[in-house]
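See below for the structure under consideration.
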Amino acid sequence: MRTPATARTPVRRTSAPLAVAGLAGALVVALAGCSTPDAATVDVAGQAREVALSSPAPAPAAAEALDAPAPAGTVVVLDGPFTDRIELRELRLEEGGHVVAAADVTKDVSELLELELEVAWYDAAGALVTSVRHVVDPEDAEEHHSAAGVIGLPVDVAPPVPVPADASATVAVPVLVNE
Amino acid sequence: MHTPVGFRGALALGLGATLVASVAAPAAATAAPAPGEQARNVILFIGDGMGQTHVDAARQVAVGAAGQLDMETLPVRGAVSTWAVLPESDTPELVTDSASAATAWSSGRKTYNAAIGVDAYGEILPTLMEQAKGAGMRTGNVSTAEVTDATPAAQFSHAALRGCQGPTYSLESCGTLGGQPYLPIAQQIARNDVADVILGGGNNRFTAEDQAVMEGNGYTVLGELGAQVATGDELQAVRDGSEQRVIGLFNTGNLTPEVNKAKAFPTPAVQEEPSLSQMTQAAIGLLAKSRDARQNGFFLQVEGANIDKRSHANDAAQTIGETIEFDNAIAVAKRFAAKDKNTLVIVTADHECAGFNIIGKGSYTNAEAVTPPGNQSGTSSTETPVRTESGALDPERSTGPVNGSGSADPTNFAPATFRTADDPAGVEDGSPEASLWLTYLSGNHTGADVPLFAGGKGSEIFSGNQDNTDLYGKILAATKALSTP
Ligand SMILES: [Zn+2]
């Protein structure tokens, strides 16, 4: 298990539009002639290349504040696109603010290819203290394979800066890919 | 092992910095059908992880030793080599993954494991599906996996790493192209208009914003992207023969294997998922009768993805179930092609998965023996005893089939036994009496060549041995709208 040495700069959770939103409109115009014999001149490969190289939206980062302050020591898994594929058992906040759990990936799991957790710590008033992107090395999942999937993959994420003793935490799963 | 060791490091150092604006030239076709013998439509079936034994086992279970699966009734037979290359090199990597293999036939280039629609140096390659769309053909991409998974993705997206499936870009899971971050696969698919019909899994790779963009580009979206999976009923309700584009994603992740669906095991939502054959039928209906297809034909890729996924899990029952359903989908295409008389049907695989094999009834594998045969490499084995110690079955290592009668013993690992269509009534799966004894070598891909079956217009050029990169040029040459005079 490895954790990036530096925390990401928290970014406000906004729905930043993808840089290519406007390009899609241009494509409609370009492709409108597809059903005519002239369609053969449409450079679909070139357009697909242009789309691929567009800038991605910034990754959703930890919220600057919780909707309501959370009791000290609580850890909450935030709803997201992959929360139906992973369960964080025995999720808890340990000494030094470590967020600890046993991860079960029980859906779609022939091989775990990518797993990233966004862990954020909040103070007693519900304000963000710090956050970190925890990237799981898929090699570490190998020994936890079973008939049911990847079971009991240990998770232990330390806060990049000290957090108060009465802190709470949230965990999001922005990246999960299985083969 | 799916990503070469050190590869992420290579990406961090700027793999792909050689990316240039020009589009790479397609590989030359190695053969071309006679004029007038080219197909208007192409349906390419990929049995992910499907080696010859997967076909053999499915045949024994479904129709028996003297029978034939639908794919086997196609008149042209071939074999396909599948090796990949190491990043930033042409050094062979003998065992491929789905990403490298799919890029090989979609673009004609060898590339590294994990690469989607880019060459070994990270340069974006034009794909068959993009070229088909550019030539005015209707296009479809169907899979039982997430449509962002490697096999479908390599026809309609480009990524340095197959893990960059969306909705979130991260440097670790995506790497860079030309040294820059790029759009995740799902978000590319939602914006590049390459496929007119997209059916499969992976609804949660997409977002509400993707849905708005796709609807703006004329797609009918079944369900709600990122929020509500589509259902088989919604797919049935889509009218054939219109010019509309359709995306239907029927699971948040991969579709449910057929064996599980038959057990009514999970939820009503699972029962609402269409099968691969139903999706194939729907895709052909949506593609074939459109104006574009009548004029220029259609190109459809159909993937049976769970053959591979269940092989990784050494789950023979589901592997066979998925292979049989894959064959059902091929039967749908064959019926269409027989009527249409202008359609090329190709069936192959990206690689073998798990060293699947059939052993003699009552026999056992090396791994179950007290002492496996010694390695005789480099010696004249006629004078050296093959086994220097007992080669008997070790009762501590294997007490019975892994399924059925032996399934309660977690130490068992081989064989899995299945009744065949030839077995007498009363013989059950998982019993020692069942005729088909199946074993796995590993839980990963192997480097074996894979089978190819083809039929219809232009199919003759797929006969015999070929490399996976050859398929690209051959499909171009065999397709009326894609071949250059
Ligand atoms: Zn695989």
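Proteins come first, then strands; the chains are lettered A, B, ... in the order of their sequence lines, and each starts at number 1.
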Inset, instruction - Name the region of A:Leu115, side chain, backbone, both or neither, that has any atom closer than 4.5 Å to a heavy atom of chain B. - result: neither
Legend entry - Option passing side chain to side chain donor-acceptor pair (under 3.5 Å) with B:Ser98 (candidates B:Arg162, B:His445, B:His351): B:His351
With no hydrogens and no angle check, is any side-chain donor or acceptor of [X] less than 3.5 Å from a backbone partner on [Y]?
X	Y	answer
B:His158	B:Gly117	yes
B:Asn306	B:Thr319	no
B:Asp210	B:Thr207	yes

Legend entry - Results of disulfide (SG to SG under 2.5 Å) for B:Cys353 - residues two or more places apart only: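 For B:Cys353, no residue satisfies disulfide (SG to SG under 2.5 Å) once neighbours in sequence are set aside.
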Legend entry - Close contacts, residues 83-90 of chain A versus chain B, judged by heavy atoms under 4.5 Å: A:Asp84, A:Arg85
Legend entry - Salt-bridge present (B:Glu146, B:Arg205; N to O < 4.0 Å): yes
Inset, instruction - State whether B:Glu209 and B:Arg191 are salt-bridged, where the test is any N-O pair (Lys NZ or Arg NE/NH1/NH2 against Asp/Glu carboxylate O) under 4.0 Å. - result: yes
Legend entry - Per-residue contact mode, B:Thr252 against chain A (heavy atom under 4.5 angstrom): both
Inset, instruction - Could you tell me which portion of B:Asp48 (side chain, backbone, both or neither) has an atom closer than 4.5 angstrom to a non-hydrogen atom of chain A? - result: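 It is neither, since no heavy atom gets under 4.5 Å.
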